[in-house]
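Shown next, in structure tokens, is the structure this report addresses.
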Amino acid sequence: MSPKTLYDKIWDAHVAHEADDGTCLLYIDRHLVHEVTSPQAFEGLRMAGRTVRAPDKTIAVPDHNVPTTPGREDPKNMTEDSAIQVAALDKNARDFGIHYYPVDDIRQGIVHIVGPEQGWTLPGMTVVCGDSHTATHGAFGALAHGIGTSEVEHVLATQTLIQKKSKNMKVEITGKLRPGVTAKDITLSVIGETGTAGGTGYVIEYCGEAIRDLSMEGRMTVCNMAIEGGARAGLIAPDEKTFEYIKGRPHAPKAAQWEAAMNWWKTLYSDDDAHWDKVVTIKGEDIAPVVTWGTSPEDVLPITASVPAPEDFEGGKVGAAKRSLDYMDLKPGTPLNEIEIDTVFIGSCTNGRIEDLRAAAEILKGKKIKDGMRAMVVPGSGLVRAQAEEEGLADIFKAAGFEWRLAGCSMCLAMNPDQLSPGERCAATSNRNFEGRQGRGGRTHLMSPAMAAAAAVTGKLTDVRELM
Amino acid sequence: MEKFEKLTGIAAPMPLVNIDTDMIIPKQFLKTIKRSGLGVNLFDEMRYDDNGEEIPDFVLNKPQYREAEILVAGDNFGCGSSREHAPWALKDFGIRCVIAPSFADIFYNNCFKNGILPIALPQDQVDVLMKDAEKGANARIIVDLEEQTVTTSDGDSFAFEVDSFKKHCLLEGLDDIGLTLEKVGAIDTFEARASAERPWV
Ligand code: SF4
């Protein structure tokens, strides 16, 4: 048999039909659904008199649009539009008989945190969701990607997706990371290196010692941002850490099924001489704690650097940099660690897991946030929140002056009332710094949870290593 | 779905790279549970000021581009979220074709599901089309899907690539789900085999 990549293996195991021109029907093992990109899909099903083909493989949870303040189980405490979308999801989940975690269920949270937490996401699966950060699930060695609403409807009706195969790209992070450098710094640095379109047409497999050394939480952070590098999906081969994480989760296989699953999961790696269409190698020790300065995730630099000038770039990027600097109100040459911030947001499917909260709390222990600063922690799920309370992390955040919120997407995309006001500058652990992403006119700097915590203490972008 | 065959229309120039889906349709307009009516909020934050007044400098507010059916833009158009509201908003405004050096993957796919043709061309050809688009309403660009060509008002013609299956669906206005359901036998067979091999899924 010819050597295969991990992507090849998962792909081959899921092709239900292949047409002469290579267009395939890819069978989908898990379909995750949320309130914002699904209503039109369910409406389409109803109008065509269709049903959900595999309700037991379909899991719904409201997250994008829900308030993160107490009392939200009462729709009166939601904005009208949010209440309508949440009610639509409630009804669709009930009518079509799919798994559902309503807003008052402790297991509710951001869809990409809930999936792995409940054991829905397993190695070798195909996972889709009407959300671009579905790549997160790739951390388990699952082929996971975001789809549009028409495709959501297609998967609901047929449990397949019309796809052509992508190319294979390997991103290897060799060696060890330096102190203060995290999974977020890896993933941002990769995008800084390849650009936001560098992965277009590819599925990326992340490998190398620095990736192996990451926890499952860290691996999810890395894969989460594969889409920000343009890739269709990001993958990491499963290993003992993966199996350990999955074992005992509510929907993980049990007993004999576990053994059978393990036998297959252990074959899920790229063969030594597999073919790669593109390879990027980065030395772990070369990665520094980074922040973004502009309005694209590729606008990333080590915290020790200064704001670049448009002339530092070429082609279309010159104009884009000028526009970014304008929008961000930054002057070329300003050291990044002198940029003052107003707000800190810790959360999102990139960095809203327990390990992220631990890393931030570690920096905040015994400290207070800068006077006048607005700071919030939005745990990725109700279970993360409960665990953080049990471990005493919530007390550290609250004592430092952070708001301690309920789970949801919150200020990652600011569809609910958690928003920046025009001109407000935010240190955020989320994944997008687009214009207006966190609120019209809001300015976002992306970074790791520890860096965001450091910024909350000093009131400006800060090299976390100075506080360690 | 509406068919796309041949289009002769005004092209609006947007010489910006990385036009993301948040720019195309900001999230405050994702709260709808319908597909229609998003055109007025296309490019909302670039198109209107804080008081909701039109910003005259924005290309689609200029008289000569209000009827544009084609957009010519920079690299990596449509990057960002998977929101299909982006093509819905473009379509609702009247845009049927977007030309750029490259597109983000999900957005590219979403276009085809909504009767919009995204065309990727090399930068130098996009530059020529951008210049042509800058001439305003007098310059009409011709997009011919059957022939796979784009022609400027000066008669320069460029060939473009498009996946044969996607082309077929767009030309005929076919519904993907209907097509897939014709292969339901293959899906049944696959499902039976997969659940024997991987019963834990
Ligand atoms: S946390 Fe942000 S990026 Fe993640 S699913 Fe929610 S909105 Fe999308």
Side-chain angles (χ1 to χ4, degrees), chain A residues 16-17 19 21 23 25 27 29 36-37 39-40 43 48 50 57 65 81-82 84-85 88 122 124-125 130-132 146-151 153-154 157-160 162 164 196-197 200-201 230 232 253 257-258 260-261 264 296 316-317 319-320 323 413-415 422 432 434-437 440, chain B residues 15-18 20-23 26-28 30-35 45-46 50 74-76 79-88 101-107 109-110 112-114 123 163-166 175-181 183-184 186-187 189-191 194 197-201:
Chain A
H17 180 270
D21 69 348
T23 304
L25 281 182
Y27 191 82
D29 294 326
V36 175
T37 56
Q40 294 87 348
E43 181 198 48
R50 292 172 177 142
K57 293 176 177 161
N65 209 346
D81 311 338
S82 301
I84 290 172
Q85 281 187 335
L122 301 173
M125 280 185 162
D131 181 278
S132 55
I147 55 178
T149 299
S150 296
E151 291 176 315
E153 186 179 338
H154 191 279
T158 71
Q159 206 57 27
T160 64
I162 300 173
K164 270 206 172 153
T196 46
T200 305
R232 175 162 296 172
Q257 297 247 333
W258 174 264
W264 190 53
S296 164
K317 197 63 200 164
R323 190 183 161 93
L413 92 164
M415 271 189 79
R432 284 197 177 130
F434 297 161
E435 287 179 24
R437 171 76 178 184
R440 186 172 179 141
Chain B
L16 272 181
V17 297
N18 296 331
D20 59 65
T21 49
D22 285 66
M23 289 185 191
K27 67 247 159 187
Q28 57 270 35
L30 308 187
K31 295 192 174 183
T32 171
I33 57 171
K34 305 228 157 11
R35 290 173 205 247
E45 293 182 359
M46 302 162 91
D50 290 344
D75 229 356
N76 202 26
C79 60
S81 97
S82 64
R83 61 186 68 159
E84 203 158 315
H85 308 68
W88 294 338
S102 69
F103 291 88
D105 189 51
I106 303 176
F107 175 84
N109 279 322
N110 282 343
F112 286 97
K113 317 275 181 202
N114 293 285
Q123 184 72 52
D163 175 82
S164 56
F165 176 73
K166 291 192 167 87
D175 156 34
D176 276 355
I177 298 179
L179 284 176
T180 297
L181 288 174
K183 305 194 187 80
V184 72
I187 302 173
T189 310
F190 177 90
E191 207 167 50
E197 284 173 7
R198 298 190 290 275
W200 61 87
V201 170

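Below, chains carry the letters A, B, ... as their sequence lines are ordered, and counting in each starts from 1.
Only the side chain of A:Ser296 comes within less than 4.5 Å of a heavy atom in chain B; its backbone stays farther off. Heavy-atom distances place the side chain of A:Thr160, and not its backbone, under 4.5 Å from chain B. Of the atoms belonging to B:Ile106, it is side-chain heavy atoms, and not backbone ones, that fall under 4.5 Å from chain A. Only the backbone of B:Phe103 comes within contact range of chain A, with at least one heavy atom under 4.5 Å from a heavy atom of that chain. Residue B:Asp75: no heavy atom, backbone or side chain, is found under 4.5 Å from chain A. Only the side chain of A:Met125 comes within contact range of chain B, judged by heavy atoms closer than 4.5 Å. Only the side chain of A:Thr200 comes within contact range of chain B, with at least one heavy atom under 4.5 Å from a heavy atom of that chain. Only the side chain of A:Ile162 comes within contact range of chain B, judged by heavy atoms closer than 4.5 Å. Both the backbone and the side chain of A:Ala414 come within contact range of chain B, each with at least one heavy atom under 4.5 Å from a heavy atom of that chain. Contact of A:Thr196 with chain B is made through backbone and side chain together, with heavy-atom distances under 4.5 Å. Only the side chain of B:Arg198 comes within contact range of chain A, with at least one heavy atom under 4.5 Å from a heavy atom of that chain. When heavy atoms are compared at a cutoff of 4.5 Å, B:Thr32 approaches chain A by way of both its backbone and its side chain. With a threshold of 4.5 angstrom between heavy atoms, B:Gln28 does not approach chain A through any atom at all.
For the set B:Ala194, B:Pro101, B:Gly80, the count of heavy-atom pairs under 4.5 angstrom toward chain A peaks at B:Gly80. In terms of heavy-atom pairs under 4.5 angstrom with chain B, the leader among A:Leu25, A:Ile84, A:Thr37, A:Leu122 is A:Leu25. Highest contact tally toward chain B, considering only A:Thr149, A:Asp81, A:Leu413, is held by A:Thr149 [criterion: heavy-atom pairs under 4.5 Å]. When the candidates A:Gly124, A:Ala261, A:Gly316 are compared by the number of heavy-atom contacts under 4.5 Å with chain B, A:Ala261 comes out ahead. Across B:Cys79, B:Ala186, B:Ser81, B:Pro26, the residue that shares the most heavy-atom pairs under 4.5 angstrom with chain A is B:Ser81. The most heavy-atom pairs under 4.5 Å with chain B, out of A:Ala260, A:Gly230, A:Gly319, come from A:Ala260. Most heavy-atom pairs under 4.5 Å with chain A: of the set B:Pro199, B:Ala104, B:Gly74, this distinction falls to B:Pro199. When each of A:His154, A:His17, A:Glu153 is checked for heavy-atom pairs under 4.5 Å with chain B, A:His154 comes out on top.
Counting all heavy atoms, side chain and backbone alike, A:Asp21 lies closest to B:Ser164 at OD2-OG, 3.1 Å. Here the closest heavy-atom approach between residue A:Ala320 and residue B:Val17 is recorded as CB-CG2, 3.5 Å. Closest non-hydrogen pair, A:Arg50 versus B:Ile177, comes out as NH1-CG2, 3.3 Å.
Looking at B:Asp22 and A:Arg432, no side-chain N of the basic residue comes within less than 4.0 Å of a carboxylate O on the acidic one, giving no salt bridge. Between B:Asp50 and A:Arg440, at least one side-chain nitrogen of the basic residue sits less than 4.0 Å from a carboxylate oxygen of the acidic one, meeting the salt-bridge criterion.
Within the 3.5 Å criterion, the main-chain N or O of A:Met415 finds a donor-acceptor partner in the side chain of B:Lys31. Looking only at distances, a side-chain donor or acceptor of A:Gln85 sits under 3.5 Å from a matching main-chain atom of B:Leu30. Under a 3.5 Å cut-off, the side chain of B:Glu84 and the backbone N or O of A:Ser150 do form a donor-acceptor pair.
A distance of 7.5 Å separates CD1 of B:Ile33 from CD of A:Glu43, quoted to the nearest 0.5 Å. In this structure, CG in B:Asn109 is found 5.5 Å from CD in A:Glu151, a value given to the nearest 0.5 Å. With rounding to the nearest 0.5 Å, the separation of OG1 in A:Thr158 from NZ in B:Lys183 is 10.0 Å. Distance check: B:Trp88 CH2 to A:Gln40 CD gives 3.5 Å after rounding to the nearest 0.5 Å. For the atom pair CD of A:Glu435 and CD of B:Glu45, the computed distance is 8.0 Å after rounding to the nearest 0.5 Å. The CZ atom of A:Arg323 sits 5.5 Å away from atom CG of B:Leu16, with the distance rounded to the nearest 0.5 Å.
A:Phe434 places none of its side-chain heavy atoms less than 4.5 Å from the side chain of B:Met23.
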